Asker: 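Handing you this structure, nothing more for now.
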Amino acid sequence: MVTPVSIVAKDLTITLSELRNLMELRKTDAVKKIQANYGDINQLCKRLKTSPTDGIYGIPSELDTRRTVFGKNYIPPKKPQTFLELVWDALQDPTLCFLIIAALISLGLSFYNPPGGSAAACHATDMEEEDEEEEMDWIEGCAILLSVLCVVLVTAFNDWSKEKQFQGLQRRIESEQKFTVIRKGEVIQVPITDLVVGDVAQIKYGDLIPADGLLLQGHDLKVDESSLTGESDHVKKSLTADPMLLSGTHVMEGSGKMVITAVGINSQAGIILSLLGVGETSEKTKDKDNKAKKTKDSSEAPKNLDTVDTERGDEDVEIKTNEEEKPKKAPSHKKEKSVLQAKLTRLAVQIGKGGLAMSILTVIVLLARFFIINFVMMKLVWTKECTPLYLRRILKDLIIGVTILVVAVPEGLPLAVTISLAYSVKQMMKDNNLVRHLDACETMGNATTICSDKTGTLTMNRMTVVQAFISNTHHRVIPELHLVHPTTLDCLRKGIATNCAYTSQIASPERRGGLPRQLGNKTECALLSFLLELKQDYEAIRKMIPEEQLYKVYTFNSERKSMSTVLKNDDGSYQMFTKGASEIVLQKCCFILNEDGESVAFEEEDYALMIKNVIDPMASEGLRTICLAFRDFPADDEEPDWDDEDDIIKDLTCISIVGIEDPVRPEVPEAIRKCQNAGIVVRMVTGDNFNTARAIAVKCGILQPGDNFLCLEGKEFNRRIRNSEGEIEQELFDKVWPTLRVLARSSPSDKYNLVDGIINSNVTKQR
């Protein structure tokens with residue numbers, strides 16, 4: 001157990017920079033790095049002053065030290081603007097600024113009345129009668145200021161109230177989420193914001209991992225990393241192959257323990273959020289890390305700089321390019337005007353220029369008339385006594401000019417726009433869309449490009465059997481029950497129920513009218529749902545054959561490309577069920593069940609026809625094909641050597657071949673069609689493979705037959721947009737993005753680079 005003593009920073013013999021660099025690695029690269037630098041994970045735990053079994057002691061001083069050295073487990077939100085700051089931001093609108101200046105000039109001139117002078121004494125006959133409305137000139141200036149005040153207060157109050165709502169939601173999320181950790185040998189639950197580097201956490205099926213860590217112990221642990229990579233397949237975690245557990249990913253199978261190595265903005269999810277500009281302290285933290293790295297590794301930096309992955313944003317890269325990259329840093333888009341604001345600004349400037357020209361012309365004409373009548377035609381002399389009177393007349397002409405200028409600008413326009421946007425916010429809230437800023441309401445109405453993920457956005461994020469070759473017939477939809485022979489149906493029911501992990505289940509919907517929940521492996525859940533559509537109860541089979549009665553299980557791995565389960569029957573015979581990649585399993589089949597449920601020979605020419613007529617057509621539609629097969633071992637035969645897989649998994653009988661896909665959401669094709677009709681280009685950006693992404697794009701309507709658009713993988717995309725030094729060039733990027741419609745096998749940084757490059761592009765006027 002960890003000794004209950006205070007830990008100071010110097011006791012932790014591993015730096016934040018080391019841990020960040022370690023968590024950038026994946027799979028065997030990470031294992032080799034751990035072995036080379038630390039020996040094993042237990043030795044790394046010692047350097048973190050934690051116990052793999054008992055965790056940290058957890059006293060407040062220790063937790064404070066770890067937070068100081070390694071950071072806190074939350075993304076610090078940017079400091080919210082005060083109400084006065086929001087008022088000031090609202091006042092930055094050029095139209096409002098113009099109105100304020102004009103109103104102040106109008107007020108100043110209306111109250112300026114120099115004393116002295118007599119119209120009779122100065123022979124100024126055209127000024128003998130004062131304008132009765134002259135004393136009311138201040139009303140127009142005050143009315144304009146009141147209009148501006150209404151616009152500013154409405155805008156600022158709306159932004160302020162929405163900001164408060166967002167902060168409340170964030171605080172509620174942070175306080176309600178808890179995670180299980182081991183401290184002082186005791187299993188406790190703590191809020192995820194209290195997690196620190198060195199904590200030993202328990203993870204199990206269904207958990208959302210809240211921080212980066214290394215696996216200490218695992219039992220059939222599989223993680224869904226699609227939130228980071230877009231890859232729908234579950235990743236198996238083990239100490240020898242892939243011990244890296246990343247924040248923001250879901251545990252889909254198994255259980256285990258992990259030691260936390262990165263939290264908050266230093267975790268992989270936090271790094272991505274920092275890249276997107278979330279959190280005000282992200283840059284400060286990077287600078288702090290850079291200084292520490294420079295101090296510690298200054299002698300090593302020159303020889304390491306050339307070997308660092310520039311896409312990762314490592315500290316070494318930042319040291320190398322700190323001075324060079326500053327001028328090339330992409331501009332921040334936060335302060336950019338919205339499309340509506342830009343159009344209103346241009347309109348205000350155009351109206352202002354026209355009004356200014358007319359007001360100047362009017363003032364010149366009035367002054368010329370005054371001087372010509374009094375000093376040319378009447379031949380008066382400008383005397384000291386008459387100066388106040390003449391000045392009042394000149395000021396009156398100036399007020400007329402300013403009035404023309406003010407009238408030319410529609411002071412009600414900003415107020416009308418603000419009120420309409422505020423109304424839009426209310427309407428969007430009824431659709432459960434909480435809008436933080438008023439001008440965000442117009443964003444979708446002015447969008448020219450939508451870059452969408454595939455998994456869970458365009459698709460339903462639930463694998464489903466949509467086609468099946470069964471009973472010697474290729475069914476393009478799930479076949480009716482009467483079309484499947486009872487013998488074949490019995491093999492399907494027993495094979496799928498027992499040869500899928502028992503942790504994979506179909507559960508009741510979370511809410512009434514919703515879809516059944518898929519728990520566990522998505523492919524296996526698709527097969528179980530296939531059984532349910534055939535009106536077969538897999539749970540009954542599992543109750544008859546509990547998991548502990550399974551005689552032998554050959555779990556799926558990258559070498560087998562299949563999973564097999566052996567059952568022992570009461571008469572001493574054995575029955576093995578196999579499922580896996582169609583091309584692999586089908587090659588090991590010597591028989592196939594026909595339409596009468598009978599086992600008939602399956603020859604090489606049959607295999608070729610099956611590939612041509614069934615598997616290839618399914619694959620061309622973006623389906624993943626799974627072959628289901630079985631083999632009987634008679635009781636009279638000698639018991640096989642179960643360790644000899646090559647001798648066991650052969651002479652199989654094919655039951656069925658199914659095509660599985662993550663189906664497109666029903667509303668997506670119509671939504672994309674509407675976007676395209678409105679001039680919006682929809683692009684798919686996904687981590688899934690090229691063929692699947694292309695097929696889904698066709699189903700969604702992103703790609704049409706005969707289109708000459710680009711479909712690229714992440715590697716090819718980077719090759720085209722980067723120069724010889726590995727840097728992204730806007731000129732190269734502009735040659736790719738206008739025709740790009742599908743980007744497959746893309747990393748989070750690829751997605752960011754695509755969106756950022758489109759925003760910075762000047763190829764088109766509208767962005």
Side-chain angles (χ1 to χ4, degrees), residues 17 20-21 24-26 29 228-230 268 271-277 282-283 286-287 289-290 293-294 297 300-334 336 448-453 681 683-690 693-694 708-767:
S17 183
R20 278 183 56 148
N21 288 335
E24 295 284 352
L25 302 175
R26 298 291 179 267
D29 291 338
L228 289 180
T229 66
Q268 293 303 296
I271 290 172
I272 294 173
L273 291 174
S274 298
L275 182 67
L276 297 174
S282 58
E283 293 301 324
K286 285 185 181 180
D287 293 341
D289 292 344
N290 291 343
K293 188 76 175 178
K294 287 180 181 178
D297 298 332
E300 299 179 6
K303 63 183 180 182
N304 290 337
L305 290 177
D306 295 333
T307 63
V308 177
D309 182 1
T310 58
E311 290 185 37
R312 294 291 186 182
D314 291 339
E315 287 78 7
D316 286 339
V317 176
E318 293 180 6
I319 294 171
K320 176 183 177 183
T321 62
N322 186 39
E323 299 300 328
E324 300 175 2
E325 293 296 330
K326 280 183 179 178
K328 300 178 182 179
K329 186 176 180 181
S332 173
H333 309 298
K334 179 186 174 184
E336 283 190 355
T448 57
T449 292
I450 295 177
C451 295
S452 172
D453 189 21
V681 177
R683 295 177 170 84
M684 177 195 291
V685 189
T686 177
D688 213 336
N689 68 70
F690 181 85
R694 185 181 178 89
N708 190 25
F709 292 127
L710 282 178
C711 299
L712 300 176
E713 289 191 341
K715 289 184 179 179
E716 176 66 14
F717 173 70
N718 278 285
R719 187 188 68 79
R720 293 194 182 198
I721 67 173
R722 295 180 185 273
N723 58 23
S724 57
E725 298 178 358
E727 298 176 346
I728 297 175
E729 281 193 8
Q730 191 65 42
E731 290 184 5
L732 296 175
F733 184 88
D734 289 343
K735 295 178 181 179
V736 176
W737 77 265
T739 57
L740 181 65
R741 291 297 180 270
V742 176
L743 182 60
R745 291 293 185 195
S746 58
S747 66
S749 59
D750 292 336
K751 299 176 183 180
Y752 173 80
N753 291 334
L754 175 62
V755 175
D756 189 60
I758 293 176
I759 292 175
N760 292 329
S761 176
N762 292 318
V763 173
T764 59
K765 293 181 179 179
Q766 294 180 329
R767 297 184 292 131

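Keep in mind the model is a prediction, meaning the values are calculated, not measured. These values consider heavy atoms only, across backbone and side chains, with no hydrogens, waters or symmetry-generated copies. Position 1 is the first residue of the sequence, and the numbers go up from there.
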Asker: Which residue, V755, L754, D453, L740, forms the side chain to side chain contact (heavy atoms under 4.5 Å, CB included) with V685?
Answerer: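 Single side chain to side chain contact (heavy atoms under 4.5 Å, CB included) partner of V685 among V755, L754, D453, L740: L754.
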
Asker: To the nearest 0.5 Å, tell me how far D756 CG sits from Q730 CD.
Answerer: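 Here the rounded value is 8.0 Å.
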
Asker: Can you name the residues that form a side chain to side chain contact (heavy atoms under 4.5 Å, CB included) with R741, not counting sequence neighbours?
Answerer: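 If we apply the side chain to side chain contact (heavy atoms under 4.5 Å, CB included) test to R741, skipping adjacent residues, the hits are V681, R683, I702, L703, F709.
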
Asker: Does E729 have any side chain to side chain contact (heavy atoms under 4.5 Å, CB included) partners at least two apart in sequence or in another chain, and if so, which?
Answerer: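 If we apply the side chain to side chain contact (heavy atoms under 4.5 Å, CB included) test to E729, skipping adjacent residues, the hits are N723, L732.
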
Asker: Answer yes or no: is there a side-chain heavy-atom contact under 4.5 Å between I272 and Y752?
Answerer: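 The answer is no; the side chains never approach within 4.5 Å.
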
Asker: Between F717 and W737, is any pair of side-chain heavy atoms under 4.5 Å apart?
Answerer: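 A side-chain contact under 4.5 Å is absent here.
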
Asker: Begin with the C-alpha distance, continue with both residues' side-chain angles, and end with the deciding distance and a verdict on side-chain contact (heavy atoms from CB on, under 4.5 Å) for K751 and C451.
Answerer: CA-CA 8 Å; K751 299 176 183 180; C451 295; over 6 Å; no

Asker: So do the side chains of R694 and M684 get within less than 4.5 Å of each other, counting heavy atoms only?
Answerer: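 Counting from C-beta outward, R694 and M684 never come under 4.5 Å.
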
Asker: State the OG1-CD1 distance between T448 and I758, to the nearest 0.5 angstrom.
Answerer: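 Result: 8.5 Å between the selected atoms.
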
Asker: Apply side-chain hydrogen bond (donor to acceptor under 3.5 Å, both in side chains) to N708 and list each qualifying residue two or more places apart in sequence or on a separate chain.
Answerer: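 With neighbours one apart ignored, the set is empty.
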
Asker: Do the non-hydrogen side-chain atoms of E24 and I271 ever get within less than 4.5 Å of each other?
Answerer: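 Sidechains of I271 and E24: in contact.
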
Asker: Test of understanding: with side chain to side chain contact (heavy atoms under 4.5 Å, CB included), list the residues that count as partners of R720, not counting sequence neighbours.
Answerer: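 By the side chain to side chain contact (heavy atoms under 4.5 Å, CB included) rule, R720 matches L710, L712, E716, V736.
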
Asker: Does any part of the side chain of R722, heavy atoms only, come nearer than 4.5 Å to the side chain of N753, both counted from C-beta?
Answerer: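 SC-SC contact between N753 and R722 confirmed.
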
